[in-house]
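The structure appears right after this line, and notes come after that.
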Amino acid sequence: MIDLKYLQKNFDEASRKLLKKGVDTQTLENLKELFSNLKEANAKFEETKAEQNKMSKLFGMYMREKKDISELKVQIATKKEEIVELQSRAREANEALERVALSVPNFPDDSVPEGANEDDNIELKKVLEPREFDFRPKEHWELAEINGWIDFERGVKLAKSRFSVLRGESARLERALINFFLDVNRQKGFEEVCVPFINNASMLQGTGQLPKFADDLFKIDGEELYLIPTAEVPLTNLYNDEILTKKELPILLTGYTPCFRKEAGSAGRDTRGMIRQHQFDKVEMVAITTPEQSEEIFEMMVENASDILTQLGLPHRVVQLCDGDLGFSASKTIDLEVWLPGQDKYREISSISNTCDFQARRAKIRYREGKKNLLVHTLNGSALAVGRTLVAIMENYQNEDGSIDIPKVLKKYM
RNA sequence: CGGGAGAUGUCAGAGUGGUCGAAUGUGCCGGUCUUGAAAACCGGUGAGGGUAAUACCUCCGGGAGUUCGAAUCUCCCUCUCCCGGCCA
């Protein structure tokens, strides 16, 4: 959630920033008004409640002193009606505010370039030269068929479309990649954690998936529980509603989880192959930091994800997202795109974001600084998406006969 | 899934209708002492909102109710622990 006090005090600046994230001025005007409504409603309620509290104390005193309480009783009864009314008005004001506020995206960081969509993203650098092929490189699904690596049909049979089955070598490679990623992250100082793959609604709200993106989530029937769309949810919310000490920051976490996404709205995109599945494996990094630390940690996380790709010998490029392409919670995002020779293009394989205090405010994650409790910064990034790495290895390490070599660093994991 | 107990500040644990945001211990922060540390002693220390700062308001798992007044009484829900069943 954005800082509403900031919105109120710097409305023009705030609305200019959020325009880039597709929020119209109308919504922001509305939000500002709802916020001041709430403050007003609260003030009235509190004032009246204070009067009643005083009278109640008096009541007690009169009783003890055996004074006449009949008049006081009438006064209190009148006040009480007023309070009930004011309280429900304050509550409504709060609900009205939350309904809007929880669906307003984060401000882009000042350093983020302007742009309308992904076409305006900025390539910061390329790492490793794509290999020259003396034959037409195949796409991963052709290679999957030749090698018997991916059983798309049976995945669909077991669940539905956009599910698949890895068999034999590919299943082992998937497992090897997970272990490799976790080991690298651990060496960089991330604590490995193993978390529930199902989280409750409150946690999903904490990281920003709810209430706005409910349609993208698999919900457990009859429960307020959801399959996680990313390990970012459980890892970040590990500290939901907690107050940390400054000493324990930064907290660096890494974990492997499958991720579940409905992919509502992406019908027709990447229907072939396993680029876009309802279930995919990912190893995630999450950092909980002070505001001073977050930029440095952010760069470290980008560096780490890029390093993993380099160790695997996968050519990739580092892309800074423009403000128009930023996700809901992100203040700043850098994507890593891996080269897929079969598709003849770069495809996203990691996305690293600093949400600053946006998630911290929702999830109530704070740290103690002297006598004050301040919001932490939260960061997340993939290191890496496992299925897409598998695809990248298949396409980059293919031979003319369709066979696939295994990157050297993975040999000890196979 | 069946039976029993419980949910209070970092934790442990008092509090059973008013002056209780809450004893005490512990932890944490600061200080005295010490070459330094520990021990001992002294002081401070829940969260959110509000204010220039105070006032003031809300919060004792969550919700509804009784009452002038609820941590305390009633109802519902959730969760935890113990016993039994089932089970990796």
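Atom set for the values below is all heavy atoms of this structure, side chains included, hydrogens, waters and symmetry mates excluded.
Comparing the P positions of C81(B) and G13(B) gives a spacing of 15 Å, expressed to the nearest Å. A64(B) and C56(B) are spaced 27 Å apart, taking the C1' atom of each and rounding to whole Å. Of the C1' atoms belonging to G6(B) and C60(B), the separation is 15 Å, rounded to the nearest Å. With P as the reference atom, U58(B) and G63(B) are 14 Å apart, rounded to whole Å. To the nearest whole angstrom, the two C1' atoms, one in C29(B) and one in G84(B), are 48 Å apart. For the P atom pair drawn from C77(B) and C83(B), the interatomic distance equals 25 Å after rounding to whole Å. Distance noted for atom C1' between A52(B) and U72(B): 39 Å (whole Å).
OP1 and OP2 of G46(B) both lie 4.0 Å or more from every side-chain N or O belonging to Arg368(A).
With G50(B), U58(B), A47(B) as the candidates, the nucleotide lying closest to the side chain of Lys49(A) is U58(B). With A47(B), C68(B), A64(B) as the choices, the nucleotide that has an atom nearest any side-chain atom of Arg91(A) turns out to be A64(B). When each of C56(B), G69(B), G50(B) is scored by its nearest atom to the side-chain atoms of Lys80(A), the top-ranked nucleotide is G69(B).
Between Lys282(A) and Glu284(A) there is a salt bridge, with a side-chain nitrogen of the basic residue lying less than 4.0 Å from a carboxylate oxygen of the acidic one.
Of the nucleotides present, A7(B) is the one that pairs with U78(B) by Watson-Crick or G-U wobble criteria, both distances under 3.5 Å. The partner of C73(B) is G65(B), judged by Watson-Crick or G-U wobble contacts that both fall below 3.5 Å. A55(B) is unpaired under the criterion used here, namely a Watson-Crick or G-U wobble arrangement in which both key atom distances are under 3.5 Å.
Inter-residue side-chain proximity for Leu314(A) and Trp339(A) is flagged as unmet; no heavy-atom pair is nearer than 4.5 Å. A 4.5 Å side-chain heavy-atom check between Ser306(A) and Leu336(A) finds at least one atom pair inside the cut-off.
At a cut-off of 3.5 angstrom, counting only N and O atoms as typed in the model, there is no donor on one side facing an acceptor on the other between the side-chain of Gln52(A) and the base of G69(B).
Residue contacts shown for Asn373(A) are limited to sugar-phosphate atoms, with no base heavy atom under 4.0 Å away.
Listed by first and then second residue, the side chain to side chain donor-acceptor pair (under 3.5 Å) pairs involving residues 171-182 of chain A are Glu169(A)-Arg172(A) (not counting sequence neighbours).
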